[in-house]
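One structure, as structure tokens, below. Some questions next.
So you know, we letter chains A, B, ... as the sequences are listed, proteins then strands, and number each from 1.
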Amino acid sequence: MMDPLAALRVLVPCRGTAVVIPTMTAARMWAAVSQRPELDLPLSGAMGKASSVGLGIALAQPQRRVIVLDGDGSLLMNLGSLVTIAHMRPPNLLHIVLENGVYLTSGGQPIPGRNLVDFAGLASAAGYAAAYTFDELAIWEAEARRIITEPGPVLVCLRVRIPPHLPQVRTRRTLEALPEVRAALAGA
Amino acid sequence: MAPDASTAPARYVLHARIVLEQLQRLGITHIVWLPDTETGAMQAAFAAFPFTVVPVCREGEAIAIALGLWIGGKNPVVSMQNTGFFEQGDSLRGLALDLHLPLLLMIGYRGWRHGAPMEDSAAIYLEPLLRAWGIPYFLLERDEDVGVIAQAYRLAHTERRPVAVLIGSEYAPEASEAREA
């Protein structure tokens, strides 16, 4: 099991100009490490829908890499999106799931299927181009740069520890970030 | 006597092709949808149009995908049945209303009986719910009224909000399809 902040830091030097869509507590953690906030769209409304928003952006901007930072509880709320994404086959979509086994945002209650569900297996079965699971930081670090450029849709499940506390950073609201991200994409 | 929807008079004839032509004129690029009884015949008509069709597994995905498409500079429309509209409420709240998404929503009006008393709860609850959400809506039952789509679209984009068109008649087969049948 990895430290979630350390697992997310791996993405920072290799994201390039990718749009990143972090959701729920992943958004808090990503805000603490991201160096391109103008290309980050934290999604706080409609829990579970980050993967679908990411699909829309990926279809609209096929030349732009799109990275979704999902949670395990969030993805469980929108499992059908795995099939929809696989059907549309966006080659520029990387779907990352932080698996900690709990609803961190509401106090740490266990998710259904904790320690049973294989998220990478679900993505593979749905038809993703590739799917991986990592629980050791060194291996994730060694593979991340290759995976981030791999033709998608690709799902990466990062098995992470429950952090003792979340970073004390200000997370931008979706409505606040949206105009900047939209303008950045329009100028692409 | 009120009209009986089971023997809907011929004046309520609506063709998918007419609707899609209107959407094309409005510059729609993507149709994000889950087929239903009222709008299912669009599938056969899609081939003649340049839209990218994005089929979803559940209606809650549709608004989120449309939001992403709009952020990326595209011009989507969402199509679902009233039953699916009930399912997708949190997406509508958090991603369309809260984020001021200009979005044309086409909703299959299952159970609508052209003004006669309705028995299907999917129909009975639809308009009260739309009013509760504060979503303006227009009724489309026949080809002659297809202009309401443009009205709804312009309102959605002028006021930066979702606006609905209720599809009150099942799409009729095209003349060529009717002959084959």
Side-chain angles (χ1 to χ4, degrees), chain A residues 19 21 23-24 39-66 68 70 74-75 77-90 92-93 126-127 173-188, chain B residues 27-35 43 46 50-80 83-105 133 157 160-162:
Chain A
V19 173
I21 305 157
T23 191
M24 309 310 287
L39 290 173
D40 295 338
L41 183 69
L43 204 70
S44 51
M47 182 174 173
K49 299 307 188 302
S51 55
S52 300
V53 175
L55 171 62
I57 296 176
L59 292 174
Q61 297 265 326
Q63 305 306 318
R64 171 84 62 164
R65 179 69 49 177
V66 177
V68 173
D70 220 342
S74 291
L75 179 54
M77 289 189 177
N78 194 13
L79 270 182
S81 70
L82 293 177
V83 177
T84 304
I85 288 167
H87 177 83
M88 296 306 294
R89 298 198 70 76
N92 53 333
L93 181 62
R173 297 175 65 83
T174 310
L175 190 57
E176 188 183 347
L178 196 152
E180 195 175 8
V181 172
R182 193 159 184 260
L185 295 182
Chain B
I28 295 297
T29 58
H30 291 70
I31 298 180
V32 187
W33 84 321
L34 206 156
Q43 180 71 50
F46 283 149
F51 308 115
T52 298
V53 178
V54 184
V56 298
C57 298
R58 203 71 175 107
E59 288 84 351
E61 294 174 64
I63 300 272
I65 294 170
L67 171 66
L69 286 164
W70 178 76
I71 291 170
K74 300 300 182 185
N75 195 17
V77 62
V78 165
S79 174
M80 64 179 70
T83 52
F85 178 78
F86 302 143
E87 191 276 338
Q88 59 76 55
D90 196 41
S91 292
L92 184 69
R93 177 201 62 77
L95 304 179
L97 292 168
D98 284 1
L99 301 183
H100 310 299
L101 176 65
L103 181 65
L104 179 59
L105 268 175
W133 285 107
H157 284 261
R160 290 280 304 264
R161 62 193 297 174

Legend entry - Atom group of A/I21 that falls short of 4.5 Å from chain B, counting heavy atoms: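 Neither part.
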Residue from A/M77, A/H87, A/K49 scoring the most non-hydrogen pairs under 4.5 Å with chain B is A/K49
Q: Taking the side chain as every heavy atom from C-beta outward, state whether A/R64 and A/V19 have any pair of such atoms under 4.5 Å apart.
A: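 Yes, side chains in contact.
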Note to self: Are B/W33 and B/F51, when compared by the centres of their aromatic rings, separated by less than 6.0 Å?
What the structure shows: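 Aromatic pair excluded; centres sit 6.0 Å or further apart.
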Problem - Of B/L69, B/V32, B/T29, the residue whose pairing with A/L59 passes side-chain contact (heavy atoms from CB on, under 4.5 Å) - result: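 It is B/L69; the other options fail the test.
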So, the part of A/M47 with a heavy atom under 4.5 Å from chain B: the answer is backbone
Which of B/L95, B/L104, B/L92 passes side-chain contact (heavy atoms from CB on, under 4.5 Å) with B/P162? Answer is B/L92
Out of B/E61, B/K74, B/H100, B/R93, return the one with the most heavy atom pairs under 4.5 angstrom to chain A.
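With the most close heavy-atom pairs to chain A, the winner is B/E61.
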Review point. Do the side chains of A/Q61 and B/I71 get nearer than 4.5 Å, heavy atoms only?
Key: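 B/I71 vs A/Q61: side chains apart.
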Just so I understand: if I count every heavy-atom pair under 4.5 Å between each of A/G54, A/G56, A/A46 and chain B, which residue has the most?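 Answer, by heavy-atom pair count under 4.5 Å with chain B: A/G56.
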Ranking A/A60, A/S44, A/G45 by heavy-atom pairs under 4.5 Å to chain B gives rank one to A/A60
Okay, A/L175 and chain B: the region with an atom under 4.5 Å from a heavy atom over there is both
Check whether A/L79 gets within reach of chain B through its side chain, its backbone, both or neither, counting any heavy atom under 4.5 Å.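 For A/L79, no heavy atom lies under 4.5 Å from chain B.
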>> When you compare the side chain of A/N78 with that of A/S51, does any pair of heavy atoms fall below 4.5 Å?
In response: yes
